[in-house]
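Worksheet: one structure, shown below.
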Amino acid sequence: MEDKKLLSLLRKDPNAGMEQLIDQYAGLVYAVVKGRLDGFYYVSSDIEDCVADAFSNFYMNLSDYDPSIASIRSYLCVIARNHAINIAKRRSRYENVSYEDETSRLIADDVMIGGDLAEDAFRRDVIKAVEALGDPDASILFRKYYYGQSGKDIAKVLGLSESNVNTRTHRALQKIRKMFGGSEA
C-alpha cells in the first residue's frame, strides 16, 4: 500500500492501519532490529519486544511524521534502529557488575531463561560452566558475549591489557568446550 493511503487508513481506522503497517513492514523492521541485537546475549523475546516497540513508537509519534522528509519505510527503520541501539546501551551499562551478580540474574530472569526446556537447561549449564571458571575469566566472558563489550573496553574496566583479555577469552572458551565434551582445538 502506498504511504498516502496507509497514512489515511492510520488516521481513519487506527486498528486496520496498524494491521496493514505491521503486515507490510514487520519483516523489514525485524531484520533491522535483529541486525543490531543479534547474538546469544539477546533472546528472541528481546528482538520481538523491540520490533513491537518500534511500531508502537511510530503510531504514538504519528503526528511528528513528515512524509515529505522520509517514507514510512525509512522512518520505521530509523525508529527500530534507534530503539535497538538504546536497548544495547542499557545492557552495556552493567559494565561494573560482578559475574556472581550477573549469573544470579540470568538464572532468575524469566525473560532470559524461558521457552524450550532443553534450551533452558543447556543455557543454565553454560552459565554454571562460565561461573566455574572464576574471576577474571568469567567476567571477561560475560562482558564479551553477554554485554557485547570489546576486548579493549573489558581490558580498561578490569585493569588488564587487551592482549591478556584476548588470550584469557581464548583459553576460557577452550575450557568450556572441553567441559561440554568438545575438542580443545
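Values reported hereafter were calculated over all heavy atoms of this structure, with side chains retained and with hydrogens, waters and symmetry mates removed.
- Here the rule is side-chain hydrogen bond (donor to acceptor under 3.5 Å, both in side chains) with Q174, and of H170, R171, K178 only H170 fits it.
- Cluster annotation: L21 is connected to Y30 through the hydrophobic network of ILVMFWY side chains, with a link wherever side-chain heavy atoms come within less than 4.5 Å.
- Closest non-hydrogen pair, L10 versus F58, comes out as CD1-CE2, 3.8 Å.
- I79 CD1 to Y59 OH: the interatomic distance, rounded to the nearest 0.5 Å, is 14.0 Å.
- Of the possible donor and acceptor atoms, one in the side chain of Y65 sits under 3.5 Å from a partner among the backbone N and O of A70.
- Scanning all heavy atoms of the two residues, the minimum distance from L7 to P67 falls at CD1-CG, 3.9 Å.
- In this structure, the side chains of I87 and V33 stay at 4.5 Å or more apart for every pair of heavy atoms.
- Distance alone, capped at 3.5 Å, places no donor-acceptor pair between the S8 side chain and the K4 backbone.
- Atom CD1 of residue I22 and atom CD of residue Q20 lie 10.5 Å apart, to the nearest 0.5 angstrom.
- The distance from the CG atom of L133 to the CD1 atom of I140 is 10.0 Å, given to the nearest 0.5 Å.
- S139 approaches L158 most closely through the heavy-atom pair CB-CD1, 4.4 Å.
- Here OG of S63 is found 8.5 Å from CZ of R11. Values are rounded to the nearest 0.5 Å.
- Panel note: side chain D3, backbone I72; a donor-acceptor pair is recorded below 3.5 Å.
- Distance CG/L6 to CE/M18: 9.5 Å, rounded to 0.5 Å.
- Residues V32 and Y25 fall into different hydrophobic clusters, defined by Ile, Leu, Val, Met, Phe, Trp and Tyr side chains chained together at heavy-atom separations under 4.5 Å.
- Within the 4.5 Å cutoff, side-chain heavy atoms of L173 are placed close to those of L141.
- In this structure, D64 and Y75 have side chains that are in contact, with non-hydrogen atoms separated by less than 4.5 Å.
- Closest approach of A172 and D137 over heavy atoms only: CB-CB, 4.3 Å.
- Contact detail for A80 and C50: the closest heavy-atom pair is O-SG, 4.2 Å.
- To the nearest 0.5 angstrom, I85 atom CD1 is 11.5 Å from H83 atom NE2.
- The minimum heavy-atom distance linking E162 with G151 is given by the pair CG-C, 3.9 Å.
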